[in-house]
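Below is one structure, written out as structure tokens; the observations come after it.
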Number of protein chains: 2
Amino acid sequence: MASAVSIRCFILGLLARQPMSGYDIKRFLKSLSWLIDSPSFGSLYPALHALLEGGLVTVEVIPRHDKPPRKIYSITETGGQVLREWMEQPVSSGISLKAFLMRLILASNFSHVGLLAHLRQRRVEVAAHQLALQQATEVMDEGTDLGERLAFDYVLAVATVELSWLDRTLDRLSQPPSPVEATQGNSATVTV
Amino acid sequence: MASAVSIRCFILGLLARQPMSGYDIKRFLKSLSWLIDSPSFGSLYPALHALLEGGLVTVEVIPRHDKPPRKIYSITETGGQVLREWMEQPVSSGISLKAFLMRLILASNFSHVGLLAHLRQRRVEVAAHQLALQQATEVMDEGTDLGERLAFDYVLAVATVELSWLDRTLDRLSQPPSPVEATQGNSATVTV
DNA sequence: TACCGCATGTAAACGGTTACATGATTAC
DNA sequence: GTAATCATGTAACCGTTTACATGCGGTA
């Protein structure tokens with residue numbers, strides 16, 4: 001598994017928001033290319049065909065004069081069920097950032113509690129990761145390779161900031177009211 | 001490309017440090033599993049065979065009584081050249097953390113200037129990434145999906161801490177002397 | 001006229017995992 | 001005795017990328 005989740009699930013989630021053509025999906029994913037690398041057509045179209053085959057989506061073919069017809073895909077009842085199951089399953093352990101982001105992007109379309117659960121799940125995993133990194137660095141002696149030490153330190157720094165972001169965000173999202181005086185977010189752009 | 005670099009290059013770099021068997025490599029990589037996921041035997045052994053085939057490594061077969069023989073792989077002259085070329089090439093643009101970490105781990109076995117160049121290269125890429133993320137978040141209006149906003153904010157927070165880590169580390173490594181009074185590293189474990 | 005965006009798709013290659021296959025040695 | 005570690009490898013499978021194939025419409 002390249003990212004434990006495969007784009008198929010993610011595409012399904014996007015179609016749950018609104019029906020789209022393959023090209024639309026590609027365009028949207030491209031706009032998120034700073035978060036997750038968008039799949040090529042070579043995997044996107046086959047993925048849609050597979051979803052269609054499995055009855056998780058339907059397609060409405062809109063023929064156009066002298067052009068290839070547009071194919072608008074919509075999620076089906078069964079597709080919705082599969083998606084819900086996927087979103088609710090305990091999140092493949094392991095700490096792939098991409099898999100987390102995919103679910104995060106979709107999560108707000110589901111329940112608020114689901115979103116919180118997802119963030120808490122990530123918190124647990126990052127905390128475990130951080131702990132392991134700390135233990136690994138403690139074992140190091142002066143003989144340890146410089147590159148290795150730097151690499152561990154780097155990843156540890158990232159894990160630490162991830163944790164504090166998660167804590168901050170969980171705080172904000174947990175106490176829903178008071179849109180007044182927002183807590184200063186790291187980028188000052190997220191207002192819940 | 002799964003990670004733009006393929007384990008083959010990385011293995012080659014590890015063999016440049018010291019000759020090892022496939023199993024040795026696996027053991028070492030496992031100890032770094034918190035940084036990069038270590039390959040399975042199913043890709044490790046074929047990778048070694050491929051390197052051997054290409055003349056980038058040699059193997060010394062050490063037969064042992066009634067056991068499978070150990071096979072100690074060593075890097076060759078040509079292998080060293082290929083490795084050097086790989087280390088010096090401008091680093092596949094794109095911002096794969098794994099690819100960066102692999103090179104970082106190997107970099108200290110090369111020149112000190114090479115290490116610095118590698119960190120600076122990363123700095124450039126992360127800075128560009130951060131800028132793009134900021135621009136993306138600025139475009140967002142209230143209509144923007146909550147999950148998307150959170151995802152961007154999350155990644156932005158990570159990019160920001162990466163940048164400050166890189167700056168801090170470049171500072172420390174650039175002025176080589178004065179091992180006295182170390183700058184407080186984030187984990188307090190990295191003393192250069 | 002030449003290129004870019006729209007819009008769909010296929011085929012070959014690649015890089016990797018999982019599961020399988022074998023078998024000795026050591027530690028509980 | 002049974003499980004884990006040492007030690008090597010192969011074969012089937014999976015998901016993805018790259019390159020190929022086609023063709024219209026707008027624009028620089």
Side-chain angles (χ1 to χ4, degrees), chain A residues 1-12 19-31 33 36-54 56-57 59-73 86 92-94 96 98-99 102, chain B residues 1-12 15 19-31 33 36-54 57 59-73 86 92-94 96 98-99 102:
Chain A
M1 290 166 238
S3 56
V5 51
S6 154
I7 47 159
R8 261 200 315 305
C9 300
F10 192 52
I11 288 175
L12 198 58
M20 291 166 124
S21 72
Y23 201 85
D24 290 336
I25 292 171
K26 174 72 177 170
R27 203 195 290 108
F28 177 71
L29 258 357
K30 213 173 156 191
S31 80
S33 64
I36 52 185
D37 42 36
S38 71
S40 61
F41 286 121
S43 59
L44 179 54
Y45 286 120
L48 284 169
H49 299 332
L51 289 173
L52 195 62
E53 190 106 348
L56 305 183
V57 299
V59 68
E60 189 195 356
V61 182
I62 301 173
R64 292 171 306 164
H65 178 61
D66 265 352
K67 290 188 210 177
R70 294 201 78 206
K71 296 188 173 180
I72 308 297
Y73 293 89
W86 173 64
S92 59
S93 77
S96 162
K98 269 182 212 168
M102 283 191 194
Chain B
M1 292 166 239
S3 55
V5 53
S6 153
I7 47 159
R8 262 201 313 305
C9 300
F10 192 52
I11 289 175
L12 198 58
L15 293 176
M20 290 166 125
S21 71
Y23 201 84
D24 289 336
I25 292 171
K26 173 71 177 171
R27 203 195 290 107
F28 177 71
L29 257 357
K30 212 173 157 191
S31 79
S33 65
I36 52 185
D37 42 36
S38 72
S40 60
F41 286 121
S43 59
L44 180 54
Y45 286 120
L48 283 169
H49 299 332
L51 289 173
L52 195 62
E53 190 106 347
V57 300
V59 67
E60 189 195 355
V61 182
I62 301 173
R64 291 170 306 162
H65 177 62
D66 268 350
K67 290 189 212 177
R70 295 201 76 207
K71 296 188 172 180
I72 308 297
Y73 293 89
W86 174 64
S92 58
S93 76
S96 162
K98 269 184 214 167
M102 283 193 194

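Side chains are part of it too, since the values below use all heavy atoms of this structure and drop only hydrogens, waters and symmetry mates. Just so it is clear: chains get the letters A, B, ... in the order the sequence lines come, proteins before strands, and each one is counted from 1.
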Atom [atom1] of [X] and atom [atom2] of [N]: how far apart are they, to the nearest Å?
X        : N      : atom1 : atom2 : value
A/Met102 : D/dT16 : CE    : C1'   : 12 Å
A/Leu29  : C/dA7  : CG    : C1'   : 16 Å
B/Lys26  : C/dT17 : NZ    : P     : 8 Å
A/Ile62  : C/dC6  : CD1   : P     : 17 Å
B/Phe10  : C/dG15 : CZ    : P     : 17 Å
A/Leu44  : C/dT10 : CG    : C1'   : 14 Å

Protein N or O to nucleotides 6-12 of chain D N or O, pairs below 3.5 Å:
{"residue": "D/dC6", "atom": "OP2", "partner": "B/Tyr23", "partner atom": "OH", "Å": "3.0"}
{"residue": "D/dA7", "atom": "OP1", "partner": "B/Arg64", "partner atom": "NH1", "Å": "3.3"}
{"residue": "D/dT8", "atom": "OP1", "partner": "B/Lys71", "partner atom": "N", "Å": "3.3"}
{"residue": "D/dT8", "atom": "OP2", "partner": "B/Tyr23", "partner atom": "N", "Å": "2.8"}
{"residue": "D/dT8", "atom": "OP2", "partner": "B/Tyr45", "partner atom": "OH", "Å": "2.9"}
{"residue": "D/dT8", "atom": "O5'", "partner": "B/Tyr45", "partner atom": "OH", "Å": "3.3"}
{"residue": "D/dG9", "atom": "OP1", "partner": "B/Lys71", "partner atom": "NZ", "Å": "2.2"}

Using side-chain heavy atoms (C-beta onward) and a distance below 4.5 Å, is [X] in contact with [Y]?
X       : Y       : result
B/Leu29 : B/Ile7  : no
B/Ile36 : B/Phe10 : yes
A/Ile72 : A/Ser21 : yes

Q. Out of B/Val59, B/Val61, B/Asp24, which one pairs with B/Arg70 under the side-chain contact (heavy atoms from CB on, under 4.5 Å) rule?
A. B/Asp24

Q.
Using the side-chain hydrogen bond (donor to acceptor under 3.5 Å, both in side chains) criterion, which residues pair with B/Asp37? Sequence neighbours excluded.
A. B/Lys98

Q. To the nearest 0.5 Å, what is the distance between CG (A/Leu56) and SG (A/Cys9)?
A. 9.5 Å

